[in-house]
*Asks:* 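Here it is: the structure, laid out below.
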Amino acid sequence: MGQGAPLITRRAALVAGAAVLAGCAPARPETSGGFSGAAVDRGHLLRTRADWPAPSVTKRVEVVIAGAGVAGLAATRALRQRGVEDIALLDLEDAAGGNSRASAIGGIACPLGAHYLPVPGDAAPEVQHLLEELGLRQRVNGRWRYDERAQCHAPQERLFFEGEWQEGLLPLAGVGATTLAQYARFAQEVERVRAGGAFRIPLAARERLRPWDGETFAAWLDARGFRDPQLRWYLDYCCRDDYGAGAGTVAAWAGLHYFAARHGFQPPGADSAGEREAVLTWPEGNAFLTRAMARPLGERFRGGRLVLRIAEQRHGVEVDAWDVATQRVERWQAARCVVALPAFVAARVVENAPQPLRALALSVRHAPWIVANLHLSALPWERAGMPLAWDNVVQGHDTSLGYVVATHQALDPAPGPTVLTWYAAPGEPARGQALQQPWTHWRDRAVRELSVPHPELPQLLVRVEVARYGHAMPIPVPGALTQLPKPPDSGRLRHAHSDWAGYSIFEEAFTLGHRAGLS
Ligand SMILES: Cc1cc2nc3c(=O)[nH]c(=O)nc-3n(C[C@H](O)[C@H](O)[C@H](O)COP(=O)(O)OP(=O)(O)OC[C@H]3O[C@@H](n4cnc5c(N)ncnc54)[C@H](O)[C@@H]3O)c2cc1C
């Protein structure tokens with residue numbers, strides 16, 4: 001602990017003492033919970049079941065959109081903007097949103113996956129327009145202003161480092177001059193890279209990123225002498241947070257993109273130090289956006305439909321889907337289809353899948369993710385040091401990424417029960433294990449980790465819901481961007497999913513979907 005550590009308040013000390021006596025036990029065995037989120041078993045039917053019955057009903061629409069994630073919803077919105085209303089948007093889940101869906105526990109909304117959107121820059125006009133349409137961005141006196149309810153309220157981030165909470169995620173408490181010098185030099189390096197203009201969201205000219213696609217971010221840092229353990233912990237954390245894989249796995253461009261395409265890297269002491277990237281967030285995370293896009297669709301959205309086959313034909317497209325509710329196969333005939341499915345699924349269901357799609361499906365390496373929502377009877381106790389923030393990270397864990405507070409954006413001044421959304425990226429080799437573990441494994445792991453800064457947590461815990469993602473997002477490994485094929489769009493089939501961007505964020509998925517709907 002650094003010199004001059006703040007005194008723990010008397011109340012906090014009492015609580016901490018009680019918890020120590022209780023042995024920082026994992027969650028009480030009676031803590032209820034289970035799995036939520038992705039219907040893993042439905043998706044797996046595609047490879048485990050072969051005896052699908054013949055279609056028992058045929059329906060006709062102008063356009064079928066397969067997959068109602070951000071990309072599929074954006075494509076649907078763009079089609080409707082063009083006046084195309086005769087649409088069927090099919091998804092295996094009962095709700096639209098894909099990785100950007102939400103849940104509620106004890107009446108408290110909480111994300112199941114994606115939870116924030118950085119304020120989009122001018123390179124993402126499609127996303128800016130969506131925010132204007134939803135009333136989240138307005139021009140006031142000639143300047144753009146974002147809805148204050150959606151802007152992440154302060155305090156935004158804190159790190160549990162050396163036994164206490166500090167502001168921001170960059171380790172600062174008690175770090176030496178060498179560390180500070182490395183922070184400053186890395187900031188200069190990011191500025192140099194940024195000035196070249198190759199880094200932007202969404203990615204534009206991929207070939208301009210080629211110089212950073214041949215090696216891992218870790219190798220790139222090593223080659224430049226960035227070896228300080230605190231800097232390296234922070235950069236590794238950022239990679240795991242954005243891509244579900246560490247600096248030793250992702251390409252150098254991806255590690256730099258995190259900063260160079262956004263707000264840069266602010267070392268302590270710089271004029272801009274302490275400035276946080278403007279981030280939009282909601283109690284239900286990005287499901288605020290996907291629900292807003294899905295709301296006007298009415299009957300056009302068909303949940304509980306597992307797409308089994310997409311066949312391009314001379315006069316149209318045929319899409320077969322398993323209706324989970326009726327246990328029948330439906331046949332949809334349409335003039336066109338937007339395939340907004342993950343590439344590995346699209347390659348399986350698109351008949352005679354074109355070579356670029358097969359190549360993408362074979363090359364994408366996926367990161368698994370775990371999201372555990374912890375319902376607590378009260379907020380964790382405040383201790384001295386930085387107070388509870390929206391994003392709270394505990395240093396010293398290489399798979400978990402900390403937690404966000406689902407009630408952080410609530411304007412209710414009386415703190416009551418809450419939900420902490422805990423994220424973990426267990427790494428590509430652990431996918432099988434991540435899916436096989438019982439939900440209690442993740443409950444106990446989250447509780448064990450969070451009991452270090454919050455010893456009272458087991459006593460506050462009411463319920464835990466765990467969402468598993470086996471193929472959460474593509475990992476931008478070295479070489480993947482250079483080899484990324486272009487979507488093999490034909491007159492009748494358009495492809496849109498964040499897999500085609502090589503990494504997964506809202507802006508990429510939305511822009512790809514929007515363009516597929518417009519073309
Ligand atoms: C845990 C987690 C946290 C994240 N956090 C953030 C964040 O904070 N901010 C951010 O910008 N991004 C985040 N992301 C990235 C997120 O993936 C993207 O923002 C975006 O949601 C991707 O949308 P998509 O449409 O490309 O893909 P998906 O969300 O994968 O959509 C594909 C859709 O296809 C459906 N589908 C699949 N197979 C079939 C089938 N056979 N039949 C019918 N439907 C099918 C799926 O159910 C899904 O709805 C996060 C991702 C995860 C997993």
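For ligands, and for the atoms within them, numbers begin at 1 and follow the listed sequence. We number each residue from 1, following the sequence as shown.
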*Asks:* Please work out whether any backbone atom (N, CA, C, O) or any side-chain heavy atom from C-beta onward of L117 is under 4.0 Å from ligand 1, and answer side chain, backbone, both or neither.
*Replies:*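 The answer is neither; L117 stays 4.0 Å or more away.
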*Asks:* Quick one: nearest non-hydrogen protein atom to atom 9 (N) of ligand 1, plus distance?
*Replies:*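 Ranked first by proximity to atom 9 (N) of ligand 1 is Y116 O, 2.8 Å.
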*Asks:* Specify the protein heavy atom at minimum distance from atom 44 (N) of ligand 1: its residue, its atom name, and the distance to 0.1 Å.
*Replies:*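 Checking every protein heavy atom, the shortest distance to atom 44 (N) of ligand 1 gives L92 N, 3.2 Å.
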*Asks:* Please work out whether any backbone atom (N, CA, C, O) or any side-chain heavy atom from C-beta onward of V371 is under 4.0 Å from ligand 1, and answer side chain, backbone, both or neither.
*Replies:*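 For V371, only side-chain atoms sit under 4.0 Å from ligand 1.
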*Asks:* Going by the order shown, which atoms of ligand 1 are within less than 4.0 Å of some heavy atom of E93?
*Replies:*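 So the answer, numbered in order with elements, is 47 (O).
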*Asks:* Do T399 and R240 get their side chains close enough for a donor-acceptor pair, meaning under 3.5 Å?
*Replies:*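 No donor-acceptor contact under 3.5 Å links the two side chains.
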*Asks:* Looking at the rings of W253 and Y503, which for Trp means the six-membered one, are their centres under 6.0 Å apart?
*Replies:*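 Here the rings of Y503 and W253 have centres that are less than 6.0 Å from each other.
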*Asks:* Closer than 4.0 Å to some heavy atom of A509 - which atoms of ligand 1 meet that?
*Replies:*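 Ligand 1 atoms under the 4.0 Å threshold to A509: 22 (C), 23 (O), 24 (P), 26 (O).
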*Asks:* Among protein heavy atoms, which lies nearest atom 29 (O) of ligand 1, and at what distance?
*Replies:*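 Looking only at protein heavy atoms, the one closest to atom 29 (O) of ligand 1 is N99 N, 2.8 Å.
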*Asks:* So do the side chains of I505 and S498 get within less than 4.5 Å of each other, counting heavy atoms only?
*Replies:*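 Side-chain contact under 4.5 Å: no.
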*Asks:* Is N286 touching ligand 1 with its side chain, its backbone, both, or neither, if touching means heavy atoms under 4.0 Å apart?
*Replies:*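 Just the side chain.
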*Asks:* Check whether any heavy atom of V349 sits under 4.0 Å from an atom of ligand 1.
*Replies:*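 It does not; every heavy atom stays at 4.0 Å or beyond.
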*Asks:* Is the charged tip of R443 near the ring of W422: under 6.0 Å from the six-membered ring centre and within 45° of its axis?
*Replies:*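 No, a cation-pi geometry is absent between R443 and W422.
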*Asks:* Any side-chain donor paired with an acceptor under 3.5 Å for R463 and T31?
*Replies:*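 No, because no side-chain N or O of R463 sits under 3.5 Å from a partner of the opposite role on T31.
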*Asks:* Going by the order shown, which atoms of ligand 1 are within less than 4.0 Å of some heavy atom of G98?
*Replies:*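 Those of ligand 1 that fall under 4.0 Å from G98 are 29 (O), 48 (C), 49 (O).
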*Asks:* Which residue and atom name correspond to the protein heavy atom nearest atom 8 (O) of ligand 1, and how close is it?
*Replies:*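 Result: H115 N, 2.9 Å.
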*Asks:* Under 4.0 Å between a Lys/Arg side-chain N and an Asp/Glu carboxylate O for E312 and R492?
*Replies:*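 No, this pair does not count.
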*Asks:* For ligand 1, note which part of R305 has a heavy atom under 4.0 Å away: side chain, backbone, both or neither.
*Replies:*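 Only the backbone of R305 comes within reach of ligand 1.
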*Asks:* Near S504, which atoms of ligand 1 are under 4.0 Å from a heavy atom of that residue?
*Replies:*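 Within the 4.0 Å cut-off of S504, ligand 1 contributes 15 (C), 16 (C), 17 (O), 18 (C), 22 (C).
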*Asks:* Ring centres of H454 and F160 under 6.0 Å apart?
*Replies:*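 Ring-ring flag for H454/F160: false, centres at least 6.0 Å apart.
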*Asks:* Side chain or backbone, does D91 bring an N or O within less than 3.5 Å of an N or O on ligand 1?
*Replies:*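 Checking ligand 1 against D91, an N or O pair does fall under 3.5 Å apart.
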*Asks:* Give the residue and atom name of whichever protein heavy atom lies nearest to atom 51 (C) of ligand 1, and the separation in Å to one decimal.
*Replies:*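 Atom 51 (C) of ligand 1 sits closest to the protein heavy atom M473 CE, 3.4 Å.
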*Asks:* In terms of heavy-atom contacts, does CD of Q327 have more than 12 from other residues, nucleotides or ligands at under 6.0 Å?
*Replies:*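 More than 12 within 6.0 Å, yes.
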*Asks:* Less than 6.0 Å separating the ring centroids of Y423 and H115?
*Replies:*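 Yes; H115 has its ring centre under 6.0 Å from that of Y423.
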*Asks:* Side chains of H257 and Y243: donor-acceptor distance under 3.5 Å anywhere?
*Replies:*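 No donor-acceptor contact under 3.5 Å links the two side chains.
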*Asks:* Quick one: which of A75, P342, G67 has a heavy atom closest to atom 37 (C) of ligand 1?
*Replies:*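 Nearest option to atom 37 (C) of ligand 1, by heavy atoms: P342.
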*Asks:* Tell me, yes or no, whether the heavy-atom count around R145 atom CZ, taken from other residues, nucleotides or ligands under 6.0 Å, exceeds 12.
*Replies:*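 Counting neighbours around CZ of R145, 12 or fewer heavy atoms of other residues, nucleotides or ligands fall under 6.0 Å, so no.
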*Asks:* Looking at V307, which atoms of ligand 1 are within less than 4.0 Å of one of its heavy atoms?
*Replies:*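 Those atoms are 40 (C), 41 (N), 42 (N), 43 (C).
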*Asks:* Minimum distance, heavy atoms only, to atom 4 (C) of ligand 1: which one of G69, A501, A114 is it?
*Replies:*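 Minimum heavy-atom distance to atom 4 (C) of ligand 1 goes to A114.
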*Asks:* Looking at ligand 1, does V345 have a heavy atom less than 4.0 Å from it?
*Replies:*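 Yes.
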*Asks:* Taking the six-membered ring for Trp, are W369 and Y469 ring centroids under 6.0 Å apart?
*Replies:*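 Between Y469 and W369, which both carry aromatic rings, the centre distance is not below 6.0 Å.
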*Asks:* Quick check: W369 and ligand 1, any N/O pair under 3.5 Å apart?
*Replies:*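 No.
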*Asks:* What residue and atom, counting heavy atoms only, is the protein's closest point to atom 30 (O) of ligand 1, and at what distance?
*Replies:*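 Protein heavy atom at minimum distance: H497 NE2, 3.0 Å.
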*Asks:* Can an N or O of A71 be found at a distance shorter than 3.5 Å from an N or O of ligand 1?
*Replies:*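 A71 vs ligand 1: N/O contact under 3.5 Å present.
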*Asks:* Can you find a non-hydrogen atom of G43 under 4.0 Å from ligand 1?
*Replies:*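 No, G43 has no heavy atom closer than 4.0 Å to ligand 1.
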*Asks:* Can you check whether S498 has an N/O within less than 3.5 Å of an N/O in ligand 1?
*Replies:*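 Checking ligand 1 against S498, an N or O pair does fall under 3.5 Å apart.
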*Asks:* Cation over ring, R194 on F199, under 6.0 Å and within 45°?
*Replies:*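 Cation-pi check for R194 and F199: fails.
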*Asks:* Between A66 and ligand 1, which residue portion shows a heavy-atom distance shorter than 4.0 Å: side chain, backbone, both, or neither?
*Replies:*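 Under 4.0 Å from ligand 1, A66 contributes no heavy atoms.
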*Asks:* Any idea which protein heavy atom is nearest atom 53 (C) of ligand 1, and the distance to it?
*Replies:*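 Result: A472 CB, 3.5 Å.
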*Asks:* Among L512, D489, L341, find the residue that satisfies the side chain to side chain contact (heavy atoms under 4.5 Å, CB included) test when tested with H495.
*Replies:*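 In the set L512, D489, L341, the residue that makes a side chain to side chain contact (heavy atoms under 4.5 Å, CB included) with H495 is D489.
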*Asks:* Looking at F344, does the NZ or CZ of R348 lie under 6.0 angstrom from its six-membered ring centre and within 45 degrees of the ring axis?
*Replies:*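 Negative - R348 is either too far from the ring of F344 or too far off its axis.
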*Asks:* Can you tell me if CD on E299 sees more than 12 non-hydrogen neighbours from other groups inside 6.0 Å?
*Replies:*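 Incorrect, the count does not exceed 12.
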*Asks:* Any nitrogen or oxygen of L46, side chain or backbone, less than 3.5 Å from one on ligand 1?
*Replies:*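 No, L46 has no N/O under 3.5 Å of an N/O on ligand 1.
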*Asks:* Would you say T418 and T407 are linked by a side-chain donor-acceptor pair, where the criterion is simply a distance under 3.5 Å?
*Replies:*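 Yes, a side-chain donor-acceptor pair sits under 3.5 Å.
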*Asks:* Do any nitrogen or oxygen atoms of F506 come within less than 3.5 Å of a nitrogen or oxygen of ligand 1?
*Replies:*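 Yes, F506 has an N/O under 3.5 Å of an N/O on ligand 1.
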*Asks:* For atom 21 (O) of ligand 1, which protein heavy atom lies nearest, and how many Å away is it?
*Replies:*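 In this structure, atom 21 (O) of ligand 1 has S100 OG, 2.8 Å as its nearest protein heavy atom.
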